[in-house]
Every structure is written in C-alpha cells, then in structure tokens.
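Structure first, commentary second.
Since the model is a prediction, treat every value here as computed from it, not as a measurement. Along the sequence shown, the residues carry numbers beginning at 1.
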Amino acid sequence: MTGLPASLADFGPAALSAVVVAAYLVVGEPVAGHVLHRRFEGRLRTDADARRSFYRRLLLLEWGLAVLAFVIWLFATDVPAGAVGLRWPQELPGPLTAVVVVVVLLLVVASTRQLRAGALLEMARPARRPGEGRHAEPPGLSTLALLPRTEGERRLFTVVGVTAGVCEEWLYRGFFLAVVTAVVGGVPAFVLVLVAAVAFGLAHAYQGRAGIVTTGVLGGVMAALYLDTGSLLLPVLLHALIDLRFLLVPASALPTEETA
C-alpha cells in the first residue's frame with residue numbers, strides 16, 4: 001500500500017494528539033481491557049445483567065476511541081482518506097495474503113462446528129481449588145463468559161461484533177499504522193504487519209497468553225489484507241465475521257456460570 005503518511009508533520013496541529021492516542025492503544029488499552037474484564041468477572045455470578053452491562057461498556061469505549069481518532073484525523077492537514085484506509089479497495093490481496101485469509105476462513109468454519117458441537121462444555125471444568133479467589137479462573141476459560149446466552153444478550157452482542165469490526169480496524173489498522181509510519185518514516189510492509197500484530201495482541205491481554213498470540217496473528221492478517229488492498233473494507237468484514245460466528249453457537253453448547 002502506498003500513500004501512508006511520510007512524516008508526523010502531515011498530521012499538522014493534530015500530531016501530538018495522534019501520537020498520544022496511538023500510544024494509548026498499545027499501553028493503555030491492555031490495562032483498560034484487563035480492568036473491565038475483571039470487574040465483569042466479579043459481577044457475573046451475582047448480576048443477571050452483567051453481560052449486557054459489559055457489552056455496553058465495550059461499545060462506549062470502542063466508539064469513543066474511534067470517534068476521537070476520527071476527529072484527530074479530520075484535523076490532520078495532509079493525511080488524505082486513502083492514507084487511513086477510508087476508501088474502496090484499490091487492489092486485490094496478494095497471493096500470500098489471499099492464501100492466509102482462506103486458511104483463516106477455513107479455521108473459522110472448523111472452530112464454529114466444534115463450538116456448536118459442545119467443545120466449550122468440554123473445556124469448562126471447575127478450575128478453582130478451595131480457598132482460591134473469584135478471579136482464579138484461567139484467562140482462556142473466563143473469557144468464555146463473554147459469549148451471549150439469552151436473546152437479549154445475542155442482540156447486543158451482534159452490535160458488539162459489528163462495532164469490533166468497524167472500530168478496531170479503524171483504530172489498529174487505519175489510524176494506528178498511519179501514525180506509526182508518520183513517526184518512524186518509511187517502514188517496510190512486513191514491519192507494519194508485525195507492529196499491528198503486536199499491538200492488537202496486547203490489546204487482548206486479558207485473554208491470557210494464548211489469547212494474545214491468537215489475536216496477534218489475526219491482527220497481522222488484517223494488517224496484511226489492509227496494506228495489500230489499501231482499504232479497511234475487507235479487514236472490517238473479515239473481523240466482524242470472526243466475532244459474529246459466536247451467534248451460531250446455541251446457548252445449550254455454552255457453559256453456565258456454575259461450570260465456567
């Protein structure tokens with residue numbers, strides 16, 4: 001992809017704000033995610049509205065950050081829409097990226113079939129020993145509690161899934177990579193893919209090491225797809241598809257609060 005900012009001066013009066021928000025995405029977002037998730041865990045067994053409340057907090061945080069980044073971009077004097085991916089795809093994905101995306105889609109289909117078959121119920125075993133605190137669950141298992149059970153939760157989760165596709169791709173691919181290239185200067189595409197992967201993985205630190213690796217890899221794939229096509233459209237669609245696949249998993253295939 002060409003047309004990324006070549007200098008921080010391209011952001012004009014918005015340069016400092018752009019750097020601060022980009023730094024927050026790498027440093028602050030992991031902390032915020034950890035705090036939100038732990039508070040959610042603390043409420044889950046005593047508050048029937050815990051999931052919906054958590055979803056609403058996520059929506060507020062993600063749209064708030066996305067709008068803030070968008071406003072900063074509007075004040076960036078020499079950063080056109082194409083430089084942050086706000087345009088139609090300019091090219092098809094490269095062969096390697098296309099193959100990786102196909103592999104991801106196949107894995108999404110396979111994992112969805114496993115989830116529908118009750119794979120999560122097999123994973124969800126009592127993880128705490130007597131005397132351990134309420135936050136003693138392994139991060140990978142406690143994250144399962146985020147998945148919706150009721151119809152009301154599923155409706156709100158649909159909004160969350162679409163929001164993740166739109167806001168996170170805008171923040172971590174369009175906006176973040178533009179700021180990185182502006183600060184560092186000319187950066188090879190593979191370095192940008194690596195940086196995007198690391199930043200996105202850290203943002204999901206509340207999911208534990210396995211979650212960091214998984215989301216980091218997906219973040220790298222999204223970045224490669226973005227850089228190849230010059231547009232956020234395909235990454236947004238792929239991202240939303242990956243998140244919304246959980247709506248295909250019936251509540252009967254998900255662990256309850258007593259087993260999770």
Side-chain angles (χ1 to χ4, degrees), residues 21 24-25 29 32-33 36-37 40 49-74 81 84-89 93 101 104-109 111-113 115-116 120 143-178 196-197 199-201 203-204 206-207 211 214-226 229-251 253-254:
V21 172
Y24 170 82
L25 292 175
E29 190 64 13
L36 281 176
H37 190 80
F40 163 69
D49 194 50
R51 284 193 190 87
R52 289 189 295 270
S53 176
F54 183 78
Y55 295 161
R56 288 190 288 266
R57 289 172 183 268
L58 282 180
L59 291 173
L60 182 62
L61 176 62
E62 295 214 346
W63 279 111
L65 281 172
V67 169
L68 176 60
F70 189 78
V71 170
I72 291 172
W73 169 70
L74 288 178
V84 289
L86 300 179
R87 59 181 174 180
W88 292 107
V101 169
V104 168
L105 289 174
L106 291 176
L107 290 175
V108 166
V109 172
S111 66
T112 303
R113 291 173 62 108
L115 295 178
R116 288 176 59 83
L120 294 180
T143 303
L144 300 180
L146 295 175
L147 304 185
R149 269 66 170 180
T150 67
E151 287 303 314
E153 290 173 357
R154 285 175 176 268
R155 286 193 293 270
L156 194 53
F157 186 85
T158 302
V159 181
V160 172
V162 174
T163 291
V166 173
C167 294
E168 292 180 8
E169 291 309 309
W170 158 243
L171 287 167
Y172 282 93
R173 257 61 73 180
F175 178 81
F176 179 71
L177 291 183
F200 198 61
H204 295 80
Y206 66 89
Q207 296 182 13
T214 301
T215 55
V217 170
L218 289 175
V221 172
M222 304 296 183
L225 188 58
Y226 164 52
T229 62
S231 169
L232 291 173
L233 179 60
L234 294 183
V236 165
L237 294 176
L238 179 59
H239 191 148
L241 175 65
I242 291 173
D243 285 2
L244 292 176
R245 80 188 191 279
F246 292 113
L247 294 175
L248 298 177
V249 182
L254 297 174

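Of the possible donor and acceptor atoms, none in the side chain of Arg173 sits under 3.5 Å from a partner among the backbone N and O of Leu232. A donor-acceptor pair is defined here as one N or O able to donate and one able to accept, closer than 3.5 Å; no such pair exists between the side chain of Arg149 and the backbone of Leu254. Between the side chain of Thr229 and the backbone N or O of Pro93 there is no donor-acceptor pair closer than 3.5 Å. Between the side chain of Ser53 and the backbone N or O of Asp49, no donor-acceptor pair lies under 3.5 Å. Side chain of Arg245 to backbone of Val109: no donor-acceptor contact under 3.5 angstrom is found.
Few gaps surround CZ on Arg56; more than 12 heavy atoms of other groups in view lie less than 6.0 Å from it.
Taking the six-membered ring where the residue is Trp, Phe40 and Phe54 present tilted rings, their angle falling between 30° and 60°. Aromatic ring orientation, Phe175 versus Trp170: tilted (interplanar angle from 30° to 60°).
Aromatic ring centres of Tyr172 and His239 lie farther apart than the 6.0 Å criterion allows.
How far CG of Leu115 is from CZ of Arg113: 12.0 Å, rounded to the nearest 0.5 Å. Tyr206 OH to Leu146 CG: the interatomic distance, rounded to the nearest 0.5 Å, is 6.0 Å. Atom OH of Tyr55 is separated from atom OG1 of Thr158 by 9.5 Å, given to the nearest 0.5 angstrom. Taken to the nearest 0.5 Å, the CG atom of Leu65 stands 10.0 Å off from the CD atom of Glu168. Between Arg155 atom CZ and Leu247 atom CG the span is 12.0 Å, to the nearest 0.5 Å. A distance of 8.0 Å separates CG of Leu241 from OG1 of Thr112, quoted to the nearest 0.5 Å.
Looking at Leu61 and Glu29, their side chains come closer than 4.5 Å, going by heavy atoms from C-beta outward. Here the side chains of Arg51 and Phe157 are not in contact, with every heavy-atom distance at 4.5 Å or above. Contact check for Val104 versus Ile242: side-chain heavy atoms found under the 4.5 Å cut-off. Within the 4.5 Å cutoff, side-chain heavy atoms of Leu86 are placed close to those of Phe70. Under the 4.5 Å side-chain criterion, counting only non-hydrogen atoms from C-beta, Val101 is not in contact with Leu234. In this structure, the side chains of Val249 and Leu147 stay at 4.5 Å or more apart for every pair of heavy atoms.
Scanning both residues, Tyr226 and Ser231, for their nearest heavy atoms gives CD1-O, 3.4 Å. For Glu169 against Pro235, the heavy-atom pair with the smallest separation is OE1-CB, 3.3 Å. Minimum heavy-atom separation, Gly161 to Asp243: CA-CB, 4.1 Å. Annotation for Ala196 and Ala223: closest pair CB-CB, 3.6 Å, computed over non-hydrogen atoms.
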Go through Leu58 and Thr163 one step at a time and tell me if the side chain to side chain contact (heavy atoms under 4.5 Å, CB included) criterion holds. CA-CA 9 Å; Leu58 282 180; Thr163 291; over 6 Å; no
